[in-house]
Participant: 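First, the structure itself, so that you have it in front of you.
The figures here come from the full heavy-atom set of this structure, side chains too, leaving out hydrogens, waters and symmetry mates. Letters go in sequence order (proteins before strands), and every chain restarts at 1.
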Amino acid sequence: MEVLVETRNLKSYYVLNVFGNIKTVKAVDDVNIRIMKDEIYGIAGESGCGKSTLLKTLFGDVEPPLRVIDGGVFYHDGGKEHNIYEDGGHLTRQFRWKFISYVPQGSMSVLNPVVKVKEVFKDFLDSHLKSESKKEAFDIAVQHLRELGLPDNVLNAYSHQLSGGMRQRVAIALSTVLSPKVIIADEPTTALDVVTQRGVIQLLKDIQEKYKNTIVIVTHDMGVHANIATRVAIMYAGKIVEESSTEKIFGEPQHPYTRYLINSLPSFENREKRTSAPGNPPSLSELPSGCSFHPRCPYRMKRCESEVPLLKDYGDDHSVACWLMEEK
Amino acid sequence: MNFVKKYLLPRLITYFLVFFIGITMVFFIPRLLPTDPVQRTVTRVRAMGAYLDPEATEKMMESLEDLYGLKGSVWEQYVNFWKRFVKGDFGPSLFQFPTPVTTLIMQSLPWTVGLLLTTTILSWLLGNILGGFAGYFSNSRGFKILDFFSMIIRPMPYYILSLILLIVFAYLIPIFPLGGGFSIGSEITFSLESILTLLKYAFLPALSLLLIGVFTWYQATKLVVQSVKSEDYVKYAELGGVKPQKIAMKYVIRNAMLPQITGLALSLGQIFSGALITEMVFTYPGLGTLLYNAIFTGDYNLLMGISSISIFVVTTSILVVDLLYPLFDPRVRYK
Amino acid sequence: MKTLRDLLRDKRFAFGFTVAIILVILSLLSFVSPYDPTRWNVVPRDLSPQWPHILGTNSMGQDVFWLLCFAVRNSLILSLIAALMSRIIAVIVGMVAGYRGGTVDRVLMFFSDSFLVLPLLIIIILFASMARSRLTLTGLGLLLGIFGWAWDARVIRSQVLSLRERDFTYTAILSGSKTGSIIFKEYMPFLIPLIFATLIGNMSWAIGMEVTLAILGVFNLEIPTLGTMLKWATDYQALLLGFWWWILTPVIASILLFISLYLLSVSISEYLDPRMRIQRIGRA
Amino acid sequence: MAGILKIDNLTKIYTLGSIFSRTKITAVDKVSFELNKSEILTLAGESGCGKTTTSKIILGFEEPTSGRMYYRDKEISSIPKSEKKQTLKEIQAVFQNPFSTFNPLRKVDSYFYETLYNFKIASNHENATEIIKEKLTAVGISFSEFSEKYPSEFSGGQLQRISIARALLTNPSVIIADEPVSMVDASLRMSIVNLFKDLKQEFGVSIIYITHDLATAYYVSDRIGIMLRGNLVELGPAEDVLKKPKHPYTQLLRESVPEADPKKKWKKRISLADTEYEEYSRTGCKFAGRCPYVMEKCKKEVPPYFFVDNTTVKCFLYENQGGEDDGLSV
């Protein structure tokens, strides 16, 4: 399977100067992931675990106080490998929307409120295409919208006239208009209602099946991952602690944190007592030594407190970052 | 159609109500105060040495009361004040006696409106564009200097700045006339030459209004733009690779302009007062100088006339600006 | 004192603060002034700046330096009266409109809008020209106070409106506290910085108004203030006669005063902005 | 089981716009239900369905347009002023965002002491600290960790527990929790939800649990009420409502909940609702626009409540099966 986007021991931290003393928030700490062609890669984790920062770094949207300290993000496009952070990250502009595009959180004000929706489409197209091909590119966009089941009058409407769900589907249509190879979606359905969320996820799945591209989706809602993702990575305190196919993650979670996360989810099967992980998630600026889950982990060993476990593949594409696996 | 009902009608109602309150205030203030204008004029006349026997003073008081519209009960005075206001008649000016107040005002109004209109629009546009780009590209050197100047000039009241400009450009480096609106004796024709002199005279007052206007709007827009810059749709356009200039103009400034339009409407009252004072420093033949003379000579009717007309001008222009707003903001046009 | 150290880190505050201190010292000096500001011809006239008259003397035989001390003192007192008066009205109107809502809010906001929109200078001139010589310092202060509250009432109202929607208002109600204690205990910590910042801004507006009214001659010219000083200087054609020190002293003094008040109000409101304070709480 | 709180035909209509253009939105439309002693009743539904407005009316923060509320069989609006404070003490609330429940510029413990003094539960400082300690241990927070601190110095989970402790101070008989766990991290969510279950058993408190998350609602509540655009469309025991949903909207909601199990992926495709505005002003059943079993009758008439195997449902499909019911099922 061909790799599209890859990170090699990527470290991107927030360096904050809070009234004199420097505070570094280790949002993405030595992450190595490989995102393949024609798959939906889910990134799960609680708020404040660094998953949105990882997404921003993947997309090249890095502005102070966020800085890439070490490692790199590699786009595999047309047989060549480009490290987008090689020379100051200005390389990213030519990849945007053609190779990789972005779906924002379903917030209210994603589209420019004072212009019609079709103006936003024109702006996005104009900046990437030569002038003469703009007209027919715009027609493709109109046709494209119709395929995605959006009514025609959406283009002539203003964003305040559309409902939350409709606005999010326009944003998704916008992200696929230049048929990029990878679409990055940051919590695309969090701000939506249950039924609208189902409609939006259904749309994302249709797009992936139709264009055989790749969608990287970040959300804290494990149910959404179960429904849409082919592979899932669990993130905790800035590191990937487990990565495998969706069935394995939900069926046989190996990492203690993943196990807590999956078991604590209520389901309609039964109403037995569920317990959540003890203690509180650590703050990313004062990480515990060794494995950052060790203060809350019941299977804690001497080794966990000192050495940081590496994400290792323990057979048929199921990698875990935990010293327990070494014992097995 | 519901746009008229929802947006237009409430604006019109507030316009009439504010106008009504303004005029009522102008009407009642002199009457609330203990000093009686008739008494004061009589004492001034007597101070000039003219001996008046009691019955002559009686008749004079009588005619003055009529001139001042102080006849009958307060309510009657109020009603016929409005009747005369609608006809545009404020009675004769006491200082330049027979000429009615209205003609005096009509002579100087075009000067003020001309000066005010140009400087307000120019400073609003310039201030917005500069502020917009300063807010968006905030770290470039050029805008740091502009920030420094705006911190110096913005807090200054109109009078002080006009005085400084007068000292510097008319006294130390006398390139501009010390005052007035046109050289004495020349009449205003539309020939190029007379227009040039007009501009020469009007330059300093316009400059002082322009400076304060540009820097006030510069700072206001910069603040608004910095908050608009962190909005989701701007971030989204940046992520989409839209060119920075297009984002600055079409996304940032266009959205930052909306609060500035209401800002313009709210500050017109202040800009008008500022213009009056600036005219006084340069004895520019507009309403300001007329007002100064009216106060100096205690010309009661002229004072009332100027106040009512200025309230009319200000409230009407605010209505106009309010009505422009929907053109810029579709959220108000379509529900 | 720690807050002062934090504030002084901001260059604008540092400059504004030093100028303000100088002006306050000047106004305190006026209590030890050897000359009575209202009496004329106590010193030889029209002397250019030399010892002992550091800023020279004017055509009315008064020492310009000591006159400036009295002028600054009176201007500051006047602006304080006006600013405090307008704070009281602004807070009451802002609070009642913001907390009560409904028709009361609409009526109060209508009045504040009309005060905002109408050319107040004209109305104040009308008022002042009637009272003319009987207008004392406090009289003018109260007059300016009555007209200076509109903009700040709006600002306070919007702050109260946003606070009312916050959940802690409901927590306070559920804890049995009445409206009065809610306003003082819950909202005051948010409103005080706002009131303080707008107070300084209003002071600068009031001084500007006083200068304008004095130039128009509608203010009692015996009381030495920045405005009356300027009025006498322009009436005696100080500019044309070359007495630059007489006209420049009030001009420069008022420029410094306006800039320092503006910088103080901007930097203080930024420092006391609730978001910043919450951050500092975490650190304190 | 005597009902501790009874809501009868509660309605709230908001009028928007100025005196000229009046638009009316019925946020809560004739909602009736009864809360029994030491029971957890959930009000679930999408945003804009009126569940929060209902809770605000019960807490007295909003005036209902019509309808009556009975607390311990006494009509709330008829309770004299003096006794009003007494009832206020017994109905407390827990809010969604812990960080906005407490004033960021005031110490958290000031609320605790204030509540105790206002309701005269504690006379002096020691006695008050005693009660606070007791309530804090009930929610698993130590006094030392809690006192003299500002809200920003706590984590979300901790602060939410403290908010629950504050609600317990007055030994309330009813707590209204408006989305109490939606802002808390998933892994800590269960510990707080379990806390609500313990409070019910230990203190016999009845809880109205407002949420849009059906899975947690199923786990914690005894009875569930589903709301749509201001109407209470289905009310019954959690088992029946979520295992055998009757109202078509409840079925759609139940299926649309993404379950954390790859084997239970969505099969049927759905069409999204027309804009919310139409649904508010729709005559007859509010779900007619999207309902797969829509009948002509649904579009014209407002369906009454039917009582079918101890669940009240507001839908014509059940017209002949169950007897008509005035919506006050036990």
Participant: Hey, could you give me the CG/OH distance between A:Asn112 and B:Tyr236, rounded to the nearest 0.5 Å?
Facilitator: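 Here the rounded value is 12.5 Å.
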Participant: Work out which heavy atom in B:Gly240 is nearest to a heavy atom in A:Phe124; give both atom names and the distance.
Facilitator: CA-CE2, 3.4 Å
Participant: Tell me which pairs pass salt bridge (Lys or Arg N to Asp or Glu O under 4.0 Å) where either residue lies in residues 213-222 of chain B, with sequence neighbours left out.
Facilitator: B:Asp147-B:Lys222
Participant: For B:Lys250, which atoms come within 4.5 Å of any heavy atom of chain A: side chain, backbone, both, or neither?
Facilitator: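 Both parts, backbone and side chain.
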Participant: So, the side chain of A:Arg96 versus the backbone of B:Glu238: is there a donor-acceptor pair under 3.5 Å, distance only?
Facilitator: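 Judged by distance alone, yes, a pair lies under 3.5 Å.
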Participant: For B:Lys246, which atoms come within 4.5 Å of any heavy atom of chain A: side chain, backbone, both, or neither?
Facilitator: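 Contact with chain A is through the side chain of B:Lys246 alone.
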Participant: Measure A:Tyr158 against the heavy atoms of chain B and call it side chain, backbone, both or neither at under 4.5 Å.
Facilitator: side chain
Participant: Would one find more than 12 heavy atoms of other residues, nucleotides or ligands at under 6.0 Å from atom CD of B:Glu231?
Facilitator: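 Yes, CD of B:Glu231 has more than 12 neighbouring heavy atoms, counting only those of other groups under 6.0 Å.
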Participant: Can you give me the closest heavy-atom contact between A:Pro113 and B:Arg331, atom names plus distance?
Facilitator: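 Nearest heavy atoms, A:Pro113 then B:Arg331: CB-NH1, 3.7 Å.
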Participant: Has B:Phe312 got more than 12 heavy atoms of other residues, nucleotides or ligands less than 6.0 Å from its CZ?
Facilitator: no
Participant: Please classify the contact between A:Ala157 and chain B as side chain, backbone, both or neither, with a heavy-atom cut-off of under 4.5 Å.
Facilitator: neither
Participant: Is the number of heavy atoms from other residues, nucleotides or ligands under 6.0 Å of B:Lys229 NZ greater than 12?
Facilitator: yes
Participant: What closest approach, in Å, do A:Trp97 and B:Leu239 show between heavy atoms, and which atom pair accounts for it?
Facilitator: CZ3-O, 3.6 Å
Participant: Within the structure provided, determine whether A:Asp123 and B:Tyr251 are in side-chain contact (heavy-atom separation under 4.5 Å).
Facilitator: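 Side chain of A:Asp123 against side chain of B:Tyr251, heavy atoms only: contact under 4.5 Å found.
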Participant: Quick check on the interface: out of B:Asp329, B:Leu258, B:Asn255, who has the most heavy-atom pairs with chain A under 4.5 Å?
Facilitator: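 The candidate making the most pairs under 4.5 Å is B:Asn255.
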